[in-house]
Amino acid sequence: MDSHNYRRFLACLLLPLLVSACSVSYKFNGASIDYTKTKTITIADFPIRSNYVWGPMQNIFNNELKDIFANHTRLTQVKKGGDLKIEGEITQYTQRNKSVSSEGYSAQTELSMTVNVRFTNNVNHKEDFEQQFTATSSYETTQSLNSVQEQLVTEMVKNITEQIFNATVAQW
């Protein structure tokens with residue numbers, strides 16, 4: 001047997017051993033949940049406690065938070081008594097000038113949204129926490145807030161709900 005065939009024979013012999021010796025576990029849903037112990041989740045509606053309010057923001061946030069858990073976990077959402085419990089409030093929704101043009105006028109405005117979250121893990125209370133999550137989004141001041149508000153709030157809500165998901169069940 002020449003050296004080329006010998007290497008090929010050796011590779012064919014060792015490859016199955018290497019593949020079976022390495023076991024990697026991926027969770028494509030992003031969640032690291034032991035479904036044998038944790039089966040349900042209660043997600044309370046988050047009220048707006050901010051001085052500045054945009055009416056649809058509360059529904060957009062509450063729906064997105066419930067959807068991310070429905071779409072990325074096998075947890076059953078229950079009204080009360082869940083193995084996991086998420087509650088809180090939207091505490092801040094503000095806008096501020098972000099940058100100034102060379103003429104001295106505001107060129108960009110930044111929207112900011114902060115949500116306070118209380119997480120209770122009734123299976124393992126060591127994982128309980130209370131934490132604030134914030135997201136920002138900017139727009140050109142040549143645009144009116146009314147014309148961009150829905151898009152920007154939707155972006156910030158998506159960002160915040162992903163942060164909450166990662167902090168509660170993805171444990172990144």
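Index from 1, following the sequence.
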Worksheet item: Should Glu162 and Ile68 be marked as a side chain to side chain contact (heavy atoms under 4.5 Å, CB included) after you check the CA-CA gap, both sets of side-chain angles, and the distance that decides it?
Response: CA-CA 8 Å; Glu162 287 174 356; Ile68 196 170; 3.9 Å; yes
Discussion item. I'd like to know whether Glu150 forms a side chain to side chain contact (heavy atoms under 4.5 Å, CB included) with Trp54, so could you lay out the CA-CA distance, the side-chain angles of the two residues, the decisive distance to 0.1 Å, and finally the verdict.
Written reply: CA-CA 9 Å; Glu150 183 174 359; Trp54 180 62; 3.8 Å; yes
Practice prompt. Walk me through it: do Phe133 and Asn116 pass the test side chain to side chain contact (heavy atoms under 4.5 Å, CB included)?
Written response: CA-CA 6 Å; Phe133 298 91; Asn116 187 59; over 6 Å; no
Fill in: Intermediate values then yes/no, side chain to side chain contact (heavy atoms under 4.5 Å, CB included), Phe61 and Ile48
CA-CA 10 Å; Phe61 178 81; Ile48 298 176; over 6 Å; no
Discussion item. Run the side chain to side chain donor-acceptor pair (under 3.5 Å) test on Asn146 and Ser144 for me, step by step, so that the C-alpha distance in whole Å, both residues' side-chain angles and the decisive distance to 0.1 Å come before the verdict.
Written reply: CA-CA 5 Å; Asn146 286 339; Ser144 72; 5.4 Å; no
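From Met113, atom CE reaches atom CD of Gln95 across 14.5 Å, with rounding to the nearest 0.5 Å. Residue Thr73 holds its OG1 atom at 6.0 Å from CZ of Phe165, rounded to the nearest 0.5 Å. With rounding to the nearest 0.5 Å, the separation of OG in Ser138 from CD in Glu155 is 10.0 Å. Atom CG in Asn122 sits 7.0 Å away from atom CG in Asp83 (nearest 0.5 Å). To the nearest 0.5 Å, atoms OH (Tyr93) and CG (Leu111) are separated by 4.5 Å. From Ile33, atom CD1 reaches atom CG of Leu84 across 6.5 Å, with rounding to the nearest 0.5 Å.
Scanning both residues, Leu152 and Ser137, for their nearest heavy atoms gives CD2-OG, 3.2 Å. Between Thr120 and His125, the shortest heavy-atom distance links the atoms CG2-CE1, 3.7 Å. Smallest separation of non-hydrogen atoms from Gly88 and Pro47: O-CD, 3.3 Å. Between Ile160 and Ala135, the shortest heavy-atom contact is CG1-CB, 3.6 Å. The shortest non-hydrogen separation linking Ile90 to Val115 is CG1-CG2, 4.1 Å. Of all non-hydrogen atoms in Leu145 and Tyr52, the two that sit nearest each other are CD2-OH, 3.2 Å.
With Gln163 as the partner, the side-chain hydrogen bond (donor to acceptor under 3.5 Å, both in side chains) test is satisfied by one option alone out of Thr161, Asn159, Asn166: Asn159.
A donor-acceptor contact shorter than 3.5 Å is absent between the side chain of Thr114 and the backbone of Gln92. For the pair Lys39 (side chain) and Tyr35 (backbone), a donor-acceptor distance under 3.5 Å is present. Side chain of Ser147 to main chain of Gln143: no donor-acceptor pair is present (N/O by atom type, distance under 3.5 Å, no hydrogens or angles). Looking only at distances, no side-chain donor or acceptor of Thr76 sits under 3.5 Å from a matching main-chain atom of Ile41. Asn97 contributes no side-chain N or O that, together with a main-chain N or O of Thr109, makes up a donor-acceptor pair within less than 3.5 Å. Put simply, the side chain of Thr136 never gets that close to the backbone of Ser112: no donor and acceptor are under 3.5 Å apart.
Listed by first and then second residue, the salt bridge (charged side-chain N to carboxylate O under 4.0 Å, His left out) pairs involving residues 42-62 are Asp45-Lys66 (not counting sequence neighbours).
With respect to Glu140 and Lys98, no salt bridge is recorded, no charged nitrogen being found less than 4.0 Å from a carboxylate O.
Residue Val123 is not grouped with residue Phe119 when hydrophobic side chains (ILVMFWY) are merged at heavy-atom distances under 4.5 angstrom, including chains of intermediate members. Cluster annotation: Val78 is not connected to Ile86 through the hydrophobic network of ILVMFWY side chains, with a link wherever side-chain heavy atoms come within less than 4.5 Å.
By the 4.5 Å heavy-atom criterion applied to side chains, Ile43 and Gln77 are counted as neighbours. Using a 4.5 Å cut-off on side-chain heavy atoms (C-beta onward), Gln149 and Gln151 make no contact. Between Gln58 and Phe46, every side-chain heavy-atom pair lies at or beyond the 4.5 Å cut-off. In this structure the side chain of Ile164 reaches within 4.5 angstrom of the side chain of Leu65, judged on heavy atoms.
Heavy-atom contacts from other residues, nucleotides or ligands closer than 6.0 Å to CG of Asn59 number more than 12.
With sequence neighbours left out, Arg96 forms a side chain to side chain donor-acceptor pair (under 3.5 Å) with Glu110.
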